[in-house]
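Just follow the structure's listing: the first ligand is 1, and inside any ligand the first atom is 1. As the structure is a computational prediction, the values presented were derived from the model and not from experiment. Residue numbers start at 1 and run along the sequence shown.
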Amino acid sequence: MYLEDRTVRLQLWDTAGQERFRSLIPSYIRDSSVAVIVYDVASRQTFLNTSRWIEEVRSERGSDVIVVLVGNKTDLVDKRQVSTEEGEAKSKELNVMFIEASAKAGFNIKALFRKIAAALPGMETLSSTKQEDMVDVNLRSSASHDSQPQSGGCAC
Ligand SMILES: Nc1nc2c(ncn2[C@@H]2O[C@H](COP(=O)(O)OP(=O)(O)OP(=O)(O)O)[C@@H](O)[C@H]2O)c(=O)[nH]1
Ligand SMILES: [Mg+2]
(Lines give C-alpha, C1' and ligand atoms only; values in the text may rest on other atoms or scores of the structure.)
(Ligands and ions follow the chains in the order given, each with its own letter.)
Protein backbone atom coordinates (compact mmCIF):
# COMPACT_ATOMS: atom_id res chain seq x y z
CA MET A 1 0.00 0.00 0.00
CA TYR A 2 1.03 3.62 -0.46
CA LEU A 3 1.37 5.79 2.61
CA GLU A 4 2.20 9.36 1.81
CA ASP A 5 5.53 9.09 -0.05
CA ARG A 6 6.25 5.49 0.90
CA THR A 7 5.30 2.05 -0.28
CA VAL A 8 4.61 -0.34 2.58
CA ARG A 9 4.49 -4.05 1.89
CA LEU A 10 2.28 -5.89 4.33
CA GLN A 11 2.29 -9.68 4.60
CA LEU A 12 -0.96 -10.81 6.15
CA TRP A 13 -1.52 -14.13 7.84
CA ASP A 14 -5.09 -14.98 8.70
CA THR A 15 -5.33 -17.43 11.57
CA ALA A 16 -8.67 -19.13 12.17
CA GLY A 17 -10.29 -18.58 15.54
CA GLN A 18 -11.51 -22.12 16.05
CA GLU A 19 -10.15 -24.09 18.97
CA ARG A 20 -8.74 -26.89 16.78
CA PHE A 21 -6.26 -24.46 15.17
CA ARG A 22 -5.07 -22.90 18.42
CA SER A 23 -1.80 -24.84 18.65
CA LEU A 24 -0.66 -23.34 15.33
CA ILE A 25 -1.20 -19.72 16.33
CA PRO A 26 1.84 -19.07 18.62
CA SER A 27 4.22 -19.64 15.72
CA TYR A 28 2.40 -16.99 13.67
CA ILE A 29 2.45 -14.54 16.58
CA ARG A 30 6.20 -15.02 17.08
CA ASP A 31 6.94 -13.94 13.51
CA SER A 32 4.54 -10.98 13.34
CA SER A 33 5.06 -7.28 13.90
CA VAL A 34 1.36 -6.63 14.30
CA ALA A 35 -1.57 -8.61 15.64
CA VAL A 36 -5.07 -7.63 14.53
CA ILE A 37 -7.63 -9.02 16.94
CA VAL A 38 -11.16 -8.83 15.60
CA TYR A 39 -14.43 -9.16 17.46
CA ASP A 40 -18.02 -8.86 16.34
CA VAL A 41 -19.78 -5.77 17.78
CA ALA A 42 -23.01 -7.82 17.63
CA SER A 43 -21.57 -10.53 19.90
CA ARG A 44 -20.50 -9.69 23.43
CA GLN A 45 -18.86 -13.09 23.78
CA THR A 46 -16.41 -12.36 20.96
CA PHE A 47 -15.55 -9.06 22.66
CA LEU A 48 -14.87 -10.87 25.94
CA ASN A 49 -12.72 -13.43 24.13
CA THR A 50 -10.37 -10.72 22.86
CA SER A 51 -8.79 -10.40 26.34
CA ARG A 52 -7.48 -13.94 26.04
CA TRP A 53 -6.13 -13.33 22.56
CA ILE A 54 -4.40 -10.10 23.59
CA GLU A 55 -2.88 -11.90 26.57
CA GLU A 56 -1.63 -14.65 24.28
CA VAL A 57 0.01 -12.14 21.94
CA ARG A 58 1.59 -10.26 24.86
CA SER A 59 2.89 -13.47 26.43
CA GLU A 60 4.65 -14.40 23.17
CA ARG A 61 5.96 -10.94 22.25
CA GLY A 62 5.63 -8.64 25.26
CA SER A 63 5.57 -5.01 24.16
CA ASP A 64 7.53 -5.87 21.01
CA VAL A 65 4.35 -6.07 18.94
CA ILE A 66 1.63 -3.71 17.80
CA VAL A 67 -1.83 -4.90 18.76
CA VAL A 68 -4.96 -3.56 17.08
CA LEU A 69 -8.36 -4.35 18.50
CA VAL A 70 -11.03 -4.20 15.79
CA GLY A 71 -14.77 -4.10 16.39
CA ASN A 72 -16.16 -5.49 13.13
CA LYS A 73 -19.74 -5.61 11.74
CA THR A 74 -20.74 -2.04 12.55
CA ASP A 75 -23.33 -2.45 9.78
CA LEU A 76 -25.38 -4.59 12.18
CA VAL A 77 -26.71 -1.45 13.86
CA ASP A 78 -29.82 -3.04 15.43
CA LYS A 79 -27.93 -6.07 16.73
CA ARG A 80 -25.06 -4.21 18.38
CA GLN A 81 -24.10 -5.58 21.82
CA VAL A 82 -20.78 -3.80 22.36
CA SER A 83 -20.61 -0.01 22.27
CA THR A 84 -17.80 1.99 20.71
CA GLU A 85 -17.01 3.38 24.19
CA GLU A 86 -16.55 -0.12 25.61
CA GLY A 87 -14.18 -1.00 22.78
CA GLU A 88 -12.23 2.22 23.33
CA ALA A 89 -12.07 1.67 27.09
CA LYS A 90 -10.73 -1.84 26.69
CA SER A 91 -8.11 -0.74 24.18
CA LYS A 92 -6.92 2.01 26.56
CA GLU A 93 -6.84 -0.35 29.51
CA LEU A 94 -4.81 -2.94 27.58
CA ASN A 95 -2.72 -0.33 25.78
CA VAL A 96 -3.60 -1.42 22.25
CA MET A 97 -4.89 0.48 19.22
CA PHE A 98 -8.58 0.44 18.40
CA ILE A 99 -10.86 0.92 15.42
CA GLU A 100 -14.39 -0.10 14.49
CA ALA A 101 -15.08 -1.34 10.99
CA SER A 102 -17.43 -3.22 8.73
CA ALA A 103 -15.84 -5.67 6.33
CA LYS A 104 -19.23 -6.06 4.68
CA ALA A 105 -19.82 -2.36 4.10
CA GLY A 106 -16.14 -1.62 3.49
CA PHE A 107 -16.18 0.87 6.36
CA ASN A 108 -12.80 1.78 7.91
CA ILE A 109 -10.97 -1.10 6.24
CA LYS A 110 -8.50 1.17 4.44
CA ALA A 111 -8.20 3.26 7.60
CA LEU A 112 -7.32 0.12 9.57
CA PHE A 113 -4.50 -0.80 7.22
CA ARG A 114 -3.23 2.78 7.08
CA LYS A 115 -3.20 2.81 10.87
CA ILE A 116 -1.23 -0.43 10.95
CA ALA A 117 1.26 0.72 8.31
CA ALA A 118 1.81 4.06 10.05
CA ALA A 119 2.48 2.33 13.39
CA LEU A 120 5.17 0.00 12.03
CA PRO A 121 8.75 0.44 13.25
CA GLY A 122 10.55 2.94 11.03
CA MET A 123 7.40 4.91 10.22
CA GLU A 124 7.80 7.32 13.14
CA THR A 125 8.51 10.31 10.92
CA LEU A 126 5.21 9.81 9.15
CA SER A 127 3.03 9.53 12.21
CA SER A 128 4.71 12.58 13.76
CA THR A 129 3.84 14.76 10.76
CA LYS A 130 0.12 14.17 10.72
CA GLN A 131 -1.91 16.88 9.07
CA GLU A 132 -3.35 18.18 12.35
CA ASP A 133 0.16 18.70 13.76
CA MET A 134 1.19 20.92 10.85
CA VAL A 135 1.22 24.68 10.93
CA ASP A 136 0.60 26.63 7.76
CA VAL A 137 3.42 29.14 7.39
CA ASN A 138 2.82 31.75 4.71
CA LEU A 139 6.31 32.70 3.56
CA ARG A 140 5.12 35.13 0.90
CA SER A 141 3.57 37.66 3.26
CA SER A 142 6.46 37.54 5.73
CA ALA A 143 9.01 37.91 2.85
CA SER A 144 7.33 41.07 1.53
CA HIS A 145 7.30 42.44 5.07
CA ASP A 146 11.03 41.71 5.46
CA SER A 147 11.83 43.40 2.15
CA GLN A 148 10.70 46.80 3.38
CA PRO A 149 13.92 48.39 4.67
CA GLN A 150 12.12 51.54 5.86
CA SER A 151 10.28 49.49 8.46
CA GLY A 152 13.84 48.63 9.61
CA GLY A 153 14.95 48.76 13.18
CA CYS A 154 16.43 46.06 15.26
CA ALA A 155 14.61 42.77 15.17
CA CYS A 156 16.18 41.57 18.41
N1 LIG B 1 -22.87 -8.19 8.76
C2 LIG B 1 -21.58 -8.45 8.64
N3 LIG B 1 -21.17 -9.74 8.53
C4 LIG B 1 -19.83 -9.95 8.42
C5 LIG B 1 -18.87 -8.92 8.43
N6 LIG B 1 -17.64 -9.47 8.33
C7 LIG B 1 -17.83 -10.78 8.26
N8 LIG B 1 -19.15 -11.09 8.31
C9 LIG B 1 -19.76 -12.43 8.29
O10 LIG B 1 -19.41 -13.10 9.48
C11 LIG B 1 -19.22 -14.49 9.26
C12 LIG B 1 -17.85 -14.94 9.74
O13 LIG B 1 -16.88 -14.31 8.94
P14 LIG B 1 -15.44 -14.92 8.78
O15 LIG B 1 -14.68 -14.06 7.85
O16 LIG B 1 -15.53 -16.39 8.46
O17 LIG B 1 -14.89 -14.74 10.25
P18 LIG B 1 -13.50 -15.24 10.84
O19 LIG B 1 -13.19 -14.39 12.00
O20 LIG B 1 -12.50 -15.35 9.74
O21 LIG B 1 -13.86 -16.68 11.38
P22 LIG B 1 -12.79 -17.86 11.68
O23 LIG B 1 -11.87 -17.93 10.50
O24 LIG B 1 -13.69 -19.07 11.80
O25 LIG B 1 -12.11 -17.53 12.95
C26 LIG B 1 -19.45 -14.71 7.76
O27 LIG B 1 -20.77 -15.13 7.59
C28 LIG B 1 -19.23 -13.31 7.17
O29 LIG B 1 -19.99 -13.13 6.00
C30 LIG B 1 -19.36 -7.57 8.56
O31 LIG B 1 -18.63 -6.58 8.58
N32 LIG B 1 -20.71 -7.42 8.67
MG1 LIG C 1 -11.37 -16.77 9.05
Quiz prompt | Beyond-backbone contact of M1 with T7, side-chain heavy atoms, under 4.5 angstrom | solution = no
Quiz item: Considering only heavy atoms from C-beta outward, does the side chain of V34 approach that of V68 to under 4.5 Å?
Solution: yes
Practice problem: Mind telling me whether Y28 and W13 have parallel, tilted or perpendicular rings, with 30° and 60° as the class edges? | Solution: perpendicular
Quiz item: Centre of F47's six-membered ring, under 6.0 Å away, within 45 degrees of the axis: is that where NZ or CZ of K90 sits?
Solution: yes
Quiz item: Can you list every side chain to side chain donor-acceptor pair (under 3.5 Å) pair that touches residues 94-105, not counting sequence neighbours?
Solution: D75-S102, R80-E100, T84-E100
Exercise. In plain terms, say whether R44 and E86 are close enough for a salt bridge, that is, a side-chain N and a carboxylate O under 4.0 Å apart.
Key: yes
Self-check item: Set of residues that line ligand 1, where lining means a heavy atom lies under 4.0 Å from it
Solution: A16, G17, Q18, N72, K73, D75, L76, S102, A103, K104
